[in-house]
Amino acid sequence: MGNAKITGIKGMNDMLPDQTPVWECFEAAARQAAASYGYRQIRTPILESTALFCRGIGEVTDIVEKEMYSFEDSLNGEKLTLRPEGTSAVVRSAIEHNLTYNAPQRLWYFGPMFRHERPQRGRYRQFYQFGCEALGFAGPDIDIELLAMTHRLWKMLGIDAALELNSLGAAPERAEHRKALIAYLTEHIDLLDEEAKRRLTTNPLRILDTKNPAMQDLVAQAPKLIDFLGPDSLAFLKNLEKGLSSLGIDYTINPRLVRGLDYYNHTVFEWTTDKLGAQGTICGGGRYDPLIGILGGRETPAAGFAMGAERVIELMQEGGKTYETPLCRVYIAHQGGETELVARAIGERLRDAGISTVVHAGSTSFKSQMKRADASMATWVVIAGQEELASHAVSVKRLRDEVGGQVFDEQKRILIDEIETIVRSDTF
């Protein structure tokens, strides 16, 4: 192979420095939203036992059948998987460490997930999810809380998203609907595509979510799960709707809204947008009361959501807002030699005072250093020249105000001992 250039893996993208400011903005808003509702962060490993996802997500789902990055550990033969989603790992951790033993838990996570699928706009093989899990709450009050949190986050980020709701009811109700749905689809089996025929006996509910235009009329006439709900499930849904209406959160009931994961029951929801083409869903979630029991824990009610960070960030950028993070607050220019040593000492002094500072590196002209100072988005440039240092002074010039607007203050000489006070006050 020689010295051929090695490139990144398709669908696993580098995040370059000029891209990180918008990510930092999203992460900060997500953390703030979660914290404002009393959620605490949990971090789980990227690698988990393959059995966790096979049992939790379901053997006959697309994720397990086609999309997981799984391999056998060469040291001990253990079957491992790069996590394709966050909920199963959080629940595994909660069971393993008895997190819900004394009290319910409000948890949030953020990190990379992995699925082996064809990369396309907003969908990558390594992608990032922000999610919240509320463990030990029977709802629907916690369901309302989760939806209020996501609604708040959209407002913080300036995103316009629409909420769709449905109910999957309880297990016996889903079983009755499943029988009726299989019977209906079997009567029209000639109209099913190959994917739908494969799912007919394994996961027929997912057929209702087909994007095949030729099957839209068929699924529109299919039995609706909401028609099979009993009084308790209907009351649960009605209380959820009442709570959302009281908070002024608009929604629509979508009877075709289902989940590709086997562990959901009662509430399912999606936040959608028409600004990302076919990939319109930016956040999905709902109630998954059976999952903790499925994974070996004590039966515990639970609900949560996950959102794809890449899609949310694309929407943030659609609004035309620019996201820039200053490299530093102070940029120090110098003439090399003794002035460089003094410049570095001043830099440490400013950092001790909590002020981010870049000291120029390299032997370039003052003109070039001033260009770099401006490009750094620094508020102040400090010039440590031979003439200034002879009188224990530096020259300072304010390049912009604290919100980034340009200013045109003249360059002034000050004593080195005055520098922290002037930078903090943002004035001469």
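Proximity of Thr20 to Thr325: side-chain heavy atoms (C-beta onward) are nowhere separated by under 4.5 Å. Val382 has its side chain out of reach of Val423: every pair of non-hydrogen atoms, C-beta onward, lies at least 4.5 Å apart. The side-chain heavy atoms of Asp250 and Leu163, taken from C-beta on, include no pair separated by under 4.5 Å. In this structure, Thr357 and Trp380 have side chains that are not in contact, with every pair of non-hydrogen atoms separated by 4.5 Å or more.
Ion pairing between Arg424 and Glu420 fails under the 4.0 Å rule for side-chain N and carboxylate O. For the pair Glu387 and Arg413, the salt-bridge criterion is met [side-chain N within less than 4.0 Å of a carboxylate O]. Comment: Asp417 engages Arg349 in a salt bridge, judged by a side-chain N to carboxylate O separation of less than 4.0 angstrom. For the pair Glu340 and Arg344, the salt-bridge criterion is met [side-chain N within less than 4.0 Å of a carboxylate O].
Between Tyr128 and Trp23, the distance separating the two ring centers is shorter than 6.0 angstrom.
In this structure, Phe110 and Phe130 have tilted ring planes: the angle between them lies in the 30° to 60° band. By the 30° and 60° cut-offs, the orientation of the rings of Phe236 relative to His266 is parallel.
The list of salt bridge (charged side-chain N to carboxylate O under 4.0 Å, His left out) pairs with a residue in residues 142-156, not counting sequence neighbours, reads Arg106-Glu145, Asp143-Arg287.
Side-chain contact of Tyr323 with Glu24: a donor-acceptor pair under 3.5 Å is absent, judged by distance alone. Of the N and O atoms on the side chains of Glu78 and Ser49, not one donor lies less than 3.5 Å from an acceptor on the other residue.
Checking side-chain atoms of Arg256 against main-chain N and O of Lys224 turns up no donor-acceptor pair under 3.5 Å.
Heavy atoms of other residues, nucleotides or ligands lying less than 6.0 angstrom from CG of Asp160 number 12 at most.
What you find for Ser167 and Leu225 is that their closest heavy atoms are O-CD2, 3.6 Å. Of all non-hydrogen atoms in Leu257 and Leu165, the two that sit nearest each other are CD2-C, 4.0 Å.
The line from OG1 of Thr267 to CD of Glu241 is 10.0 Å long, rounded to the nearest 0.5 Å.
Applying the salt bridge (Lys or Arg N to Asp or Glu O under 4.0 Å) criterion to Glu173, with sequence neighbours excluded, gives no partner residue. By the salt bridge (Lys or Arg N to Asp or Glu O under 4.0 Å) test, Arg351 pairs with Glu348, sequence neighbours left out.
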Under the salt bridge (Lys or Arg N to Asp or Glu O under 4.0 Å) rule, what do Arg198 and Glu195 come out as? Steps first, then yes or no, please. CA-CA 5 Å; Arg198 188 179 67 82; Glu195 183 72 10; 2.8 Å; yes
